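To keep things clear, I will list the structure first and then write my remarks on it.
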Amino acid sequence: MQVYRGLDVGTAKPTVAERAAVPHHVIDVVEPTEEWSAMRHQAVARAAVADIEARGKRALLVGGTGLYVQAVVDDLRFPGEDPDLRAELEAATAEPGGVAAAYDELRRRDPDAVEKIDPHNARRIVRALEVIRLTGKPFSSFGAGLDQFGPTAFPVRMVGIWVPRDVLNARIAERFAAMRDAGLVDEVQQLLGGRSLSRTASQAIGYKEIIGALSDHGSLDEALDTAVRRTRSFARRQRMWFRRDPRITWLGATDNHCVVLPALLATWSS
RNA sequence: GGCCGGGUAGCUCAGUCGGCAGAGCACACGCCUGAAAAGCGUGGGGUCGACGGAUCGACGCCGUCCCCGGCCA
């Protein structure tokens, strides 16, 4: 979400001072009216890494989202996209019984892919059918899957910081309180002036809830509570995603995350 | 004080004619290849306000009491 210009406070974007001290990349690269995607992220982030390495420097990748980290680091090749076809499939699944019918079609055309997709997950069923109809090849033929951890696309060391649950939850709540104090609501109001955010930008945690509260005069306190819960849920999905990656070295943190710095720096300079 | 409505999961509430106690959210566990800060699956949880009664059988019917809200005085 830090790729979006204007989404500053709520994405905990690095400050101007921080960016002057350490050059950051892939920040503020698009307007919030634009769509962003894993494939787009892969291209831009890899270009940034190549640029850094060409200057004899070393890139530090900061992951938030597992799919995006793997899109950059692993040899993921995304099959093509067809917006019209996707719209047609989405309309079909919106009909009563449409999701079940689409799932049946997927079962017939790609028995392997059906194993990894839940029968009610319309979004992923649509995407799989889109790829099959577009390419004529099974969705499952595009790579071994995200649970296969082969050689990375370039040399990389992966480190994760494991934070105790109660510390994490407390920090998430504090973080949103601080964002509110820093003017998050004002920022959302300015963003909305005369335009609407893209589908991807408008689902940013905090922004989505505040936009909802502002548009139907709901409670901002409730919006922030929802955003806090959604952040905890996001953190849980991050934990689930990264936990299964055997290449990650986990560093434990207590209530003071600085204690992992020596181990982190040792990894960096090794 | 009288009348009416309500009391069921942590929260908001369904529960048909009396026949195995339900949903959404929360929480826990988990899935994942062009929306991923997205989408989806599974699960644990109950003195059905309390006590008594009729019934083979009560969240439901009858009685008494307690609590909450509204109206009247």
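These values consider heavy atoms only, across backbone and side chains, with no hydrogens, waters or symmetry-generated copies. Only a predicted model underlies this, so the values are computations on that prediction, with no experimental measurement involved. Here is the naming used below: chain letters follow the sequence lines, and residue numbers restart at 1 for every chain.
Taking every side-chain heavy atom of Gln203(A) into account, A35(B) is the closest of G41(B), C32(B), A35(B). Nearest nucleotide to the Asp118(A) side chain, out of A36(B), C32(B), G41(B): G41(B). Taking only side-chain atoms of Arg232(A), from C-beta outward, the nucleotide of A26(B), A36(B), C32(B) with the closest atom is A26(B). Nearest to the side-chain atoms of Arg229(A) among the listed nucleotides A26(B), C40(B), C32(B) stands A26(B). Distances were taken from every side-chain heavy atom of Arg165(A) (C-beta onward) to each of C29(B), A26(B), C40(B); the shortest belongs to C29(B). Of the candidate nucleotides G41(B), C29(B), G39(B), C29(B) has the atom nearest to the side chain of Arg236(A).
Cation-pi contact between Arg237(A) and Trp241(A): absent, since separation from the ring centre below 6.0 Å together with deviation from the ring axis within 45° is not met.
Nucleotide C29(B) holds its C1' atom 9 Å from the CZ atom of Arg243(A), rounded to whole Å. Rounded to whole Å, the distance from CZ on Arg40(A) to P on A36(B) is 12 Å. The distance from atom CD of Gln238(A) to atom P of G39(B) is 15 Å, rounded to the nearest whole Å. Across the protein-nucleic acid pair, Arg237(A) atom CZ and A36(B) atom P stand 11 Å apart, rounded to whole Å. Rounded to whole angstrom, the span from the CG atom of Leu106(A) across to the P atom of C40(B) amounts to 17 Å. The OH atom of Tyr68(A) sits 3 Å away from the P atom of A36(B) (whole-angstrom rounding). When the P atom of G39(B) is taken as reference, atom CE of Met240(A) falls 18 Å away, rounded to whole Å. Nucleotide A36(B) holds its C1' atom 6 Å from the CG atom of Leu67(A), rounded to whole Å.
Judged by Watson-Crick or G-U wobble contacts below 3.5 Å, the nucleotide G63(B) has C51(B) as its partner. Applying the Watson-Crick and G-U wobble criteria (two distances, each under 3.5 Å), G44(B) pairs with nothing in any strand. Here C3(B) sits opposite G70(B) as a Watson-Crick or G-U wobble pair (both hydrogen-bonding atom distances under 3.5 Å). Pairing of G39(B), defined by two Watson-Crick or G-U wobble distances under 3.5 Å, is identified with C31(B). Across all strands shown, C56(B) forms a Watson-Crick or G-U wobble pair, both distances under 3.5 Å, with G19(B). With a cut-off of 3.5 Å on both pairing distances, the Watson-Crick or G-U wobble partner of G10(B) is C25(B).
Using a 4.0 Å heavy-atom distance criterion, Gly80(A) is classed as a base contact. Within the 4.0 angstrom heavy-atom criterion, only backbone atoms of the sugar-phosphate kind lie near Trp36(A); the bases stay farther away. Among the atoms of the strands shown, none is found under 4.0 Å from any heavy atom of Thr231(A).
Tyr68(A) and His41(A) have tilted rings, their planes meeting at an angle from 30° to 60° on a 0 to 90° scale.
Taking only side-chain nitrogens and oxygens, His120(A) comes nearer than 4.0 Å to OP1 or OP2 of G41(B). Within the structure, every side-chain polar atom (N or O) of Arg239(A) is placed at least 4.0 Å from both OP1 and OP2 of G30(B). Neither OP1 nor OP2 of C40(B) sits under 4.0 Å from any side-chain N or O of Arg127(A). Side-chain nitrogen and oxygen atoms of Arg86(A) include at least one within less than 4.0 Å of the OP1 or OP2 phosphate oxygen of A35(B).
Map Gly10(A) and Asp147(A) each onto its nearest nucleotide of RNA chain B; the residue landing nearer the 5' end is Asp147(A). Between Phe139(A) and Thr200(A), the residue anchored closer to the 5' end of RNA chain B is Phe139(A), taking for each the nucleotide with the nearest heavy atom.
Across A14(B) and G5(B), the matching P atoms stand 15 Å from one another, rounded to whole Å. On the C1' atoms, C61(B) is 24 Å away from C68(B), given to the nearest whole Å.
Shortest non-hydrogen contact noted between Phe149(A) and Pro246(A) is CD1-CD, 3.3 Å.
Within the 4.5 Å cutoff, side-chain heavy atoms of Arg109(A) are placed close to those of Arg133(A).
Between Thr11(A) atom OG1 and Ile27(A) atom CD1 the span is 8.0 Å, to the nearest 0.5 Å.
Remark: the Thr152(A) side chain and the Asp74(A) side chain contain no N/O donor-acceptor pair separated by less than 3.5 Å.
Side-chain atoms of Tyr207(A) never come within 3.5 Å of backbone atoms of Val188(A) as a donor-acceptor pair (strictly under, hydrogens ignored).
Donor-acceptor pairing under 3.5 Å, judged by distance alone, is present between the side chain of Glu90(A) and the base of A35(B).
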